[in-house]
Structures are given as C-alpha cells and as structure tokens.
Amino acid sequence: DLDDSAILATLSAAGMTPPATQNTAPVPSNHLPPADLSLLQDTDTSGMDMDTQQAFARALAEADAHIRSGAPDKAIPILAAWATARHDIAAYFPAYARLYPLDPQPALRSRLLEAAARGNSKSYRLIAAELASLDPADIPVNHILPLVQLAAKAQEHRSVINLTRNFAKHYPESPDIVDNYFLAARALSKKGEVLKAQQLLQQLLKRYPEHEKATQIRRTIELLQQRNNGTA
C-alpha cells in the first residue's frame with residue numbers, strides 16, 4: 001500500500017498536484033509582512049498584544065483598500081468584526097471611525113453615544129453632526145447632560161437646544177433639569193434668541209429658586225436684559 005506521502009509524490013511527478021497541496025494552509029503570523037502600525041495612531045493599545053495590533057492594522061489596511069477602490073460594502077464586514085460590543089471603543093476606535101459613516105447602525109450609534117457621554121472626545125466628534133437632529137427621547141437620560149456639556153463646549157448651539165428639547169416633560173424628576181436648561185438658555189442667547197433665553201431662565205428661577213445655580217441664573221438674566229436694552 002502507498003502511504004499519503006508516496007501518493008502525493010506520484011501525483012506531483014505526473015504534474016497532477018492536488019489543489020489541497022497548493023499553498024492552502026494559512027501563513028503563520030510571523031511569516032506575514034509587517035503591518036502598518038501607523039494606522040493605529042487613534043488606538044489605545046495599552047491592553048493589546050503585538051499579534052492583535054498587527055492583525056488589527058492589517059484589517060484596517062484591507063478595509064481602506066476596499067474603500068479606496070470604490071467597494072465599501074466589502075470593507076463593512078472586515079471593520080464590523082473589530083467593532084462589536086466586545087471591542088472597547090477607545091481601543092478599537094479606528095474601526096468605528098471607518099465603519100459608522102459606511103453603516104450607521106443604531107446599536108453602533110448607541111455605543112458611540114455612551115462612549116461620548118463618558119468623555120471619549122473622538123466618539124463625540126464622530127456623532128456630533130447628528131446631535132442637532134437626533135430625537136433626545138432615544139438617548140438614555142443619563143447621557144443627555146454630558147452630551148449637552150460637550151456640545152456647549154464645542155459651541156454647537158443647535159445640538160444643545162435639540163438635546164434639551166422637552167427634557168423636563170420626559171424626565172420631570174431628573175436632577176439635571178436646571179443644568180440642561182441653563183445651557184439651553186445660553187445656547188439660545190448665543191444664537192440671538194435673547195428673549196427666549198430670558199423666558200427660559202425666568203421659568204427656571206421661578207420653579208427652582210433655591211437651586212445652587214439660582215444666583216448664576218439671576219446674574220445671567222440681568223446680563224441678557226442689559227444686552228436686550230443695548231446697555232451691555
């Protein structure tokens with residue numbers, strides 16, 4: 001009887017090498033060309049071993065090649081494999097940054113909103129353009145104020161106003177009502193809607209006269225009145 005090696009040798013000699021022997025085995029990672037680790041410049045690699053960094057960088061390079069060639073649909077599954085709920089956004093942000101504009105799924109948006117609310121500025125920038133139109137009722141209540149604060153800091157007044165829309169109606173017991181509406185009033189004033197800002201602040205002061213921001217609210221009302229009267 002011929003053993004397997006003898007059979008393969010016979011076939012090879014006859015020019016009949018079977019497909020299974022034609023380099024179908026995966027190339028060991030240490031035999032692959034070095035990955036371009038510069039693609040990981042927006043990545044927190046502190047908890048990532050070198051094999052993972054190399055694999056991630058190769059995946060990004062492959063996805064980028066598909067995007068450049070006009071085949072973004074081929075890039076989506078490659079990126080999605082590195083942007084699951086198990087992949088921390090800070091560690092794998094380059095995958096999220098490429099995937100979300102291509103395939104803005106609600107689950108992905110929710111993770112980006114949560115990361116932004118927790119202080120991840122890159123996640124905030126990725127979704128910032130949507131915050132002026134997203135329904136705030138679809139955003140967890142504990143995420144609203146952090147997102148409003150980030151939008152206010154970025155001078156994105158429309159986003160501040162949109163995110164705080166109907167906040168007290170939806171969350172009448174929230175401790176964030178005054179903080180949210182104070183920032184909304186400031187956004188209104190910066191958009192030139194001074195009377196609306198004054199009215200909002202006066203309502204806040206009437207309802208929460210003992211709030212720790214009460215003094216600041218009174219002072220802001222005075223400043224807006226002066227501005228409205230042309231004396232500031």
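At least one donor-acceptor pair closer than 3.5 Å links the side chain of Ser133 to the backbone N or O of Glu130. Within the 3.5 Å criterion, the main-chain N or O of Pro136 finds no donor-acceptor partner in the side chain of Asn162. No donor-acceptor pair under 3.5 Å is formed between the side chain of Asn166 and the backbone N or O of Lys169. No donor-acceptor pair closer than 3.5 Å links the side chain of Arg109 to the backbone N or O of Ile127. Within the 3.5 Å criterion, the main-chain N or O of Pro94 finds a donor-acceptor partner in the side chain of Arg98.
Both Leu40 and Met50 sit in one connected hydrophobic cluster of ILVMFWY residues. Membership requires side-chain heavy atoms under 4.5 Å apart, directly or through other members. Both Tyr96 and Leu102 belong to a common hydrophobic cluster when Ile, Leu, Val, Met, Phe, Trp and Tyr are linked at side-chain heavy-atom distances under 4.5 angstrom. Hydrophobic clustering of Ile, Leu, Val, Met, Phe, Trp and Tyr side chains at less than 4.5 Å, counting indirect connections, unites Leu131 with Leu108.
The side chain to side chain contact (heavy atoms under 4.5 Å, CB included) search around Asp36 returns Ser38, Leu39, not counting sequence neighbours. Under the rule for a salt bridge (charged side-chain N to carboxylate O under 4.0 Å, His left out), the partners of Arg125 that lie at least two apart in sequence or sit in another chain are Glu156. Residues satisfying the salt bridge (charged side-chain N to carboxylate O under 4.0 Å, His left out) criterion with Lys122, sequence neighbours excluded, are Asp42. Partners of Phe167 by side chain to side chain contact (heavy atoms under 4.5 Å, CB included), not counting sequence neighbours, listed by chain and number: Val141, Ile144, Tyr171, Ser174, Asp176, Ile177, Asn180, Tyr181. Applying the salt bridge (charged side-chain N to carboxylate O under 4.0 Å, His left out) rule to Arg165 yields no partners; only residues at least two apart in sequence or on another chain are considered.
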Original post:
Passes side-chain contact (heavy atoms from CB on, under 4.5 Å), Val178 versus Ile217? Steps please.
Top reply: CA-CA 10 Å; Val178 173; Ile217 291 171; 4.0 Å; yes
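Note that CE of Met48 is 12.0 Å distant from CD of Gln54, once rounded to the nearest 0.5 Å. Rounding to the nearest 0.5 angstrom, the gap separating the CZ atom in Phe93 from the CG atom in Leu112 is 7.5 Å.
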Determine all donor-acceptor pairs shorter than 3.5 Å in which one atom belongs to a side chain in residues 65-75; sequence neighbours excluded.
residue: Ser69; atom: OG; partner: Ala65; partner atom: O; Å: 3.2
residue: Ser69; atom: OG; partner: His66; partner atom: O; Å: 2.9

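Only one option out of Leu188, Leu201, Ile161 pairs with Lys196 in a side chain to side chain contact (heavy atoms under 4.5 Å, CB included); it is Leu188.
Checked for salt-bridge contact, Arg118 and Glu114 meet the test: a charged N lies under 4.0 Å from a carboxylate O.
By the 30° and 60° cut-offs, the orientation of the rings of Tyr92 relative to Trp82 is tilted.
By the 4.5 Å heavy-atom criterion applied to side chains, Leu113 and Leu147 are counted as neighbours. Side-chain contact check for Asp179 versus Leu183: every heavy-atom pair is 4.5 Å or farther apart.
When all heavy atoms of Ile221 and Gln198 are compared, the closest pair comes out as O-NE2, 4.5 Å.
Other residues, nucleotides and ligands place more than 12 heavy atoms under 6.0 Å from the NZ atom of Lys190.
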